[in-house]
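Keep in mind it's a predicted model, so treat the numbers as computed, not measured. Sequential numbering from 1 along the given sequence is applied to the chain's residues. Hydrogens, waters and symmetry mates are skipped; everything else that's a heavy atom, side chains included, is used.
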Amino acid sequence: MKKVILFVFGLITLIFVPISSAQSDIKYMTGIKEHTFKNKPYAENQVVGETIYMIPLRETCETLGFKVNWKNNGSISVEKGMFSAKLKVDKDEYKNRHGLPIRLYITPKVIDGVTYVPHIFFSYVLNIDTFCINDTIYFRYKIENIQPKIYSKYEFDLQKIESSEKTEKVDKNTTPGKTTYVVYPYINYKEHRFVNSSILDLVKSFEENYEYDELYVKYDIGVYNNDFLSIVFDGFLKKGDKTKKILNSINFDLKKRKNLTPNDILSKDFRIRDSIVKKLKDSDKVGKFGFDDVKMYLLDEALIFFVSSTDNIPMDYYKFYILSEYLLPEYKIRLK
């Protein structure tokens, strides 16, 4: 049986710390969309060794801007502009926009008048990355040359078993003492693969920098072109009964083959640096930090500055033209 690659978080019920819209504002990011369902997804285990989440077709497609058309024979088309994919109820018969047949080894189902499809339908037929966390499904339009990967780790307390060999094993019913789950990007384009080791180092540093029982992080891309790559990591950790927001980023000057920080692109003019720090502090009125603690990520036409060392994460948005006077000459030309 063909194995289908999944990019899925488990549907685990956790309590999130409330975060104000200003602090959690990722709306400026490109490509990410989340949707809380009226008709809840459910897990289906028809594919051995994999968990498939069945998602309501019409509700999801219409949220993503597609139209769903039914025919009496059980055929369904999913359309947007010139895009038209096809599927059939109770048949492992899918066709993408080019009419190419695709098998997912799991069929669409109708339950109480609602058609459900496997979440991988969106990845393999509609070309949209899909993953789940809690009761929310996240969709990200695929970016050429970037492949999502998962770094996961489950740590158990080993239970000693009395035997002549003095072996150790874990009871199958044991709950992990510590769970790490991070979705991160891998760059396929050979000229930009040098960034992969830096990304993985940052992902692994989450384990070193935080104490937690459970850590879940997803990523999104601020910008990716021939000049720059900017990645933001957004998630949370849980330690005991406390939950903490996680926000981090990594930025690259692809032409110079180096990591970028605010110090690399802004002049040392104290006016703009003090202004950024003051605005961040005023936006949340918490935290003791200076400019060296400020992080950023790039968008097509703007910068987001934030400080991730505080419990409530202050963030601010600057169009490039606002910063033009303070950008170093090289970046004043390249960031427009």
J.: In sequence, state the C-alpha distance, the side-chain angles, and the governing distance for Leu266 and Leu328, and then conclude on side-chain contact (heavy atoms from CB on, under 4.5 Å).
T.: CA-CA 6 Å; Leu266 289 179; Leu328 294 178; over 6 Å; no
J.: When you look at CD of Glu211, are more than 12 heavy atoms from neighbouring residues, nucleotides or ligands closer to it than 6.0 Å?
T.: no
J.: Quick one, Lys256 with Glu330, criterion salt bridge (charged side-chain N to carboxylate O under 4.0 Å, His left out). Give me CA distance, side-chain angles, the key distance, then yes/no.
T.: CA-CA 12 Å; Lys256 286 194 166 185; Glu330 176 189 357; 2.9 Å; yes
J.: Do Lys295 and Asn248 have side-chain heavy atoms sitting under 4.5 Å apart?
T.: yes
J.: Roughly how far, to the nearest 0.5 Å, is the CD atom of Glu214 from the CG atom of Leu237?
T.: 10.0 Å
J.: Are any non-hydrogen side-chain atoms of Ile106 and Met54 less than 4.5 angstrom apart?
T.: yes
J.: Does the side chain of Lys258 reach to within under 4.5 Å of the side chain of Leu254, using non-hydrogen atoms?
T.: no
J.: Can Asp201 and Ser198 be counted as having a side-chain donor-acceptor contact under 3.5 angstrom?
T.: no
J.: Can you measure from OG (Ser324) to NZ (Lys332) and round to the nearest 0.5 angstrom?
T.: 4.5 Å
J.: I want to know whether His192 and Tyr224 have ring centres closer than 6.0 Å.
T.: yes
J.: Check the pair Asn188 / Glu144 against side-chain contact (heavy atoms from CB on, under 4.5 Å), numbers first and verdict last.
T.: CA-CA 9 Å; Asn188 294 314; Glu144 189 175 0; over 6 Å; no
J.: Are Tyr212 and Phe206 close enough that their ring centers fall under 6.0 Å?
T.: no
J.: Just by distance, with hydrogens left out, do Asn73 and Ser75 show a side-chain donor and acceptor under 3.5 Å apart?
T.: yes
J.: Looking at every non-hydrogen atom in both residues, tell me the closest pair between Asn196 and Ile187 and how far apart they are.
T.: OD1-N, 2.8 Å
J.: Return the OH to OG distance between Tyr210 and Ser205, rounded to the nearest 0.5 Å.
T.: 7.5 Å
J.: Of the non-hydrogen atoms in Asn96 and Val125, which two are nearest, and what is the gap between them?
T.: CB-O, 3.9 Å
J.: Can you find a heavy atom in the side chain of Asp92 that is under 4.5 Å from one in the side chain of Tyr94?
T.: yes
J.: For residues Val183 and Tyr219, report the shortest heavy-atom separation together with the two atoms involved.
T.: O-CD2, 3.3 Å
J.: Should the heavy atoms of other residues, nucleotides or ligands under 6.0 Å from NZ of Lys91 be counted, would the total exceed 12?
T.: no
J.: Looking at Lys278 and Asp274, is there a salt bridge between them, counting it only when a charged N and a carboxylate O are closer than 4.0 Å?
T.: no
J.: Minimum heavy-atom separation for His119 and Ile55, please, with both atom names.
T.: CB-CD1, 3.3 Å
J.: Can you tell if the side chain of Pro185 reaches within under 4.5 Å of the side chain of Ile231, non-hydrogen atoms only?
T.: yes
J.: Evaluate Arg140 against Lys218 for side-chain contact (heavy atoms from CB on, under 4.5 Å), listing each step before the verdict.
T.: CA-CA 11 Å; Arg140 180 174 40 244; Lys218 65 183 187 300; 5.5 Å; no
J.: Of all the heavy-atom pairs spanning Asn39 and Pro56, show the shortest one and how long it is.
T.: O-CG, 3.2 Å
J.: Do we see a donor-acceptor contact under 3.5 Å between the side chains of Asn263 and Arg273?
T.: yes
J.: Compare all side-chain heavy atoms of Phe233 with those of Ile199 and state whether any distance is below 4.5 angstrom.
T.: yes
J.: Can you tell me how far the CD atom of Gln147 sits from the OH atom of Tyr184, to the nearest 0.5 Å?
T.: 9.0 Å
J.: Determine the sole option in Ile276, Val232, Asp264, Asn251 for which the side chain to side chain contact (heavy atoms under 4.5 Å, CB included) test with Met296 is passed.
T.: Asn251
J.: Checking Tyr331 against Asp253: is there a side-chain donor and acceptor pair closer than 3.5 Å?
T.: yes
J.: What is the distance from atom CE of Met315 to atom CD1 of Ile304, rounded to the nearest 0.5 Å?
T.: 5.0 Å
J.: Just by modelled atom types, is the Tyr151 backbone N or O under 3.5 Å from a matching donor or acceptor in the Lys204 side chain?
T.: no
J.: Between Phe306 and Tyr297, how do the two ring planes meet: parallel, tilted or perpendicular, split at 30° and 60°?
T.: tilted
J.: For Tyr116, is the NZ or CZ atom of Lys109 found under 6.0 angstrom from the centre of its six-membered ring and inside 45 degrees of the ring axis?
T.: no
J.: Does the gap between the ring centers of Phe305 and Tyr318 come in under 6.0 Å?
T.: yes
J.: Work out which heavy atom in Ala302 is nearest to a heavy atom in Phe320; give both atom names and the distance.
T.: N-CE1, 3.3 Å
J.: Counting C-beta onward and ignoring hydrogens, is there a side-chain heavy-atom pair between Asn259 and Phe252 closer than 4.5 Å?
T.: yes
J.: Taking the side chain as every heavy atom from C-beta outward, state whether Phe121 and Ile102 have any atom pair closer than 4.5 Å.
T.: no
J.: Salt bridge between Glu59 and Lys38, side-chain N to carboxylate O under 4.0 Å?
T.: no
J.: Please evaluate residues Leu57 and Leu87 with respect to the criterion side-chain contact (heavy atoms from CB on, under 4.5 Å), reporting the C-alpha separation (whole Å), side-chain torsions for both, the decisive distance (0.1 Å), and the verdict.
T.: CA-CA 11 Å; Leu57 176 67; Leu87 61 152; 4.2 Å; yes
J.: Among Lys238, Lys178, Lys239, which residue meets the salt bridge (Lys or Arg N to Asp or Glu O under 4.0 Å) test with Asp213?
T.: Lys239
J.: I'd like to know if the side chain of Ser123 reaches the main chain of Ile128, judged simply by a donor and an acceptor atom lying under 3.5 Å from each other, with no hydrogens or angles considered.
T.: yes
J.: Ion pair present between Arg271 and Glu325, side-chain N to carboxylate O less than 4.0 angstrom?
T.: yes
J.: More than 12 heavy atoms of other residues, nucleotides or ligands under 6.0 Å from NZ of Lys67: yes or no?
T.: no
